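Let me begin by presenting the structure, written as structure tokens, before commenting on it.
Any value given below was found using the heavy atoms of this structure, including those in side chains, with hydrogens, waters and symmetry copies removed. In this text the structure is predicted, and so the values were computed from the model without any measurement. All ligand and atom numbering here is 1-based and tracks the order in the structure.
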Amino acid sequence: MRWAQLTLAENDPGQYDLAFWLDYFRRTHSDAACLSAGGCVAYYPTKIPLHWRSPWMKDTDPFGDLVAGCRKQNMVVVARTDPHAVHQDVYDAHPDWIAVDASGKKRKHTASPDLWITCALGPYNFDYMTEVTKEIVSLYKVDGIFTNRWAGSGMCYCEHCQQNFQAAYKMELPRTQDPHDPRRRNYILWHQQRLFELWRLWDAEIRKINPAARYIANAGGGALSELDMKTVGELAPTLFADRQARRGLMAPWANGRNGKEYRATLGRKAIVGIFSVGVEEDYRWKDSVQSDAEIQIWVADGIANDLRPWFTKFSGAIYDRRWLKVVDDIYNWHYRSERYLRNEDSLARVALVYSQQTAMFYGGPQARQKVDDHISGMYQALIEARIPFEMAHDRLLDPAHIDRFKLLILPNLAALSNEQCEQLRQYAARGGSILATYETSLYDEWGVRRKDFGLSSLFNATFNGRIEGPMQNSYLRLETDPSTGKRHPILAGFDGADRIINGARRLDVSPVAKYSNPPLTLIPSYPDLPMEMVYPRVPKTDIPEALLQENGKSRIVYFPWDIDRVYWEVLSADHGRLLRNSIEWATNEEKPATVFGPGVIDVTVWRQKESMTVHLVNLTNPMMMKGPFREIIPIPNQEVKIRLPQGKKARKIQLLVAGGSPRVRENSGVLTVTVPSVGVHEVVAIDLA
Ligand SMILES: [Zn+2]
């Protein structure tokens, strides 16, 4: 449930305070530890030639001492290895183990110039690191091996990579980033295949020695991650999400997002969230410490999204003690609340689908803008709308994975196979709702453009072959249904507005079947300068910019423009409102929890064996999008309306952070709980009978 990682520096042995660390693990109720064992530097008396021992350890066994201490405290122990760098002696003995760049030069380590970068896909990992792994498991009977930076440091052109790729595909390694270059496309597949081969090899060798132990790769993530998450979800017994802190422009929900991304393919397996106590920016201040508030918000959002906390500390020497208390407090709260943090299931009814194939084969080198920014915009809109949601993976669109959701959101899910499109049509036919944007299904799984959307019939839209943008000064006209004199529910709250801003890119589409009274129509771009020229040349069209349909329980919303990506870029309140209204209209049912009150809150809802919880994480802060939180700014009272699971009654209701029992009203299976002011995090815990 609670992980501690101590990553030793080479000079720690003999100098750092072992007893202090073991005591800290005990005080924080950490029940699992990840400890540095070998790879780049060995912290135990290894017998393997070329396995570099820390020169500070002399004839001691620092790793063994840590393992023994943790075992005494009944902790699970996972050994950490890092194979990405080696010393000169390895280079001299096996020059072919070193990674080679596109110009044919062996790669020196950029941060530590005495070291060399290794090739991940050749004999260094497959042979040598396999021996290191076996030795560690044999000597210490650890519960697992966790490798850092095992998957290579970018493209490698060494002799092994050249030969192996040639043998597999009868072609040379790619020299471009273009995913439509057959060599690049095959490389993307081969690279994954090799790494999964390595994963299986290490896992098998570990289990031969200790059948209960497993290999755990530092791998995975969302749409931009390199390794197929469906396969990762099958291979990994548990997984550690390695997003250690915020950097640059990043919302604090990014930690929780990791949990959702991993859970999409790992299901109910435990997912652990690695957080660093330090500043995570490009300048890599590895010995730094963040503000208390920043650590608190980051970890809270992870816990609310079912990540088990894992603190990581680099080096046994402590230069700044400020983080010790804040982590101690979080872990002790987590320990006391553990019963309500062993989640069995999320009760979310909305899922945001992500697609690695869209990022790889449609996004290519622009995947961040073309793919990830759409997801982030939709994510931000869902957070602001306080809608509990999960994420889903596009290679797991079978009923077992998606029928638990009432609504699937496809944020520019451009590259979808015919089979995936069929799965989505079937989902809608079973009563599921879908909200999709922009180029969703306009490309096949290899990123090759289709003549028309794969989901044309579902969207009631056919593509006319033209993509417009970037558009300047274009608008959306908000229409009234002439037969009723009313506006569609997706336009709720726009009273007084005849039009709102459009996005930046749109597809020229026409309805397939007759589509009368579209709620939003296009006002095409018109000059934005000189000011005398700024007036609409075409004040009204009948071109729909949202296509809505209802078939029984299923509701479909398709926006043929980049509403989600522009939301991430511009954060217009109108786009946020339009997304929220559309998501609520398409879902067409009460949320499992509805939270009323001011502020920005991440809301998640969980079932445990005999209880349910609603987490509220208070993201309200002037530093919400960039920069570390300086202080926690409490939000005032929130009213939380909670739908109890069918046939269940509330036996006891508690607030796990504020403590005690809140004010509650109950009305036919719906509780209304008044949550007093929330600082970082509150959990409404309901014991069920
Ligand atoms: Zn190589």
Inset, instruction - Look at the side chain of Asn125 and the backbone N and O of Met129, then say whether any donor-acceptor pair between them is shorter than 3.5 Å. - result: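 Not confirmed, Asn125 side chain does not pair with Met129 backbone.
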Test the [X]-[Y] pair against the cation-pi criterion, namely NZ or CZ under 6.0 angstrom from the six-membered ring centroid and within 45° of the ring axis.
X: Arg257; Y: Tyr354; value: no
X: Arg185; Y: Trp446; value: yes
X: Lys108; Y: Trp116; value: yes

Inset, instruction - List the steps, then state whether ring pair (Phe, Tyr, Trp, His ring centres under 6.0 Å) holds for Trp323 with Phe311. - result: CA-CA 10 Å; Trp323 66 274; Phe311 74 78; 5.6 Å; yes
Legend entry - Heavy-atom check, side chain of Val67 versus side chain of Lys141, under 4.5 Å: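 No, side chains not in contact.
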Legend entry - Neighbouring protein N, O or S atoms of the Zn ion (ligand 1), below 2.8 Å: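 The number of such protein atoms is 4.
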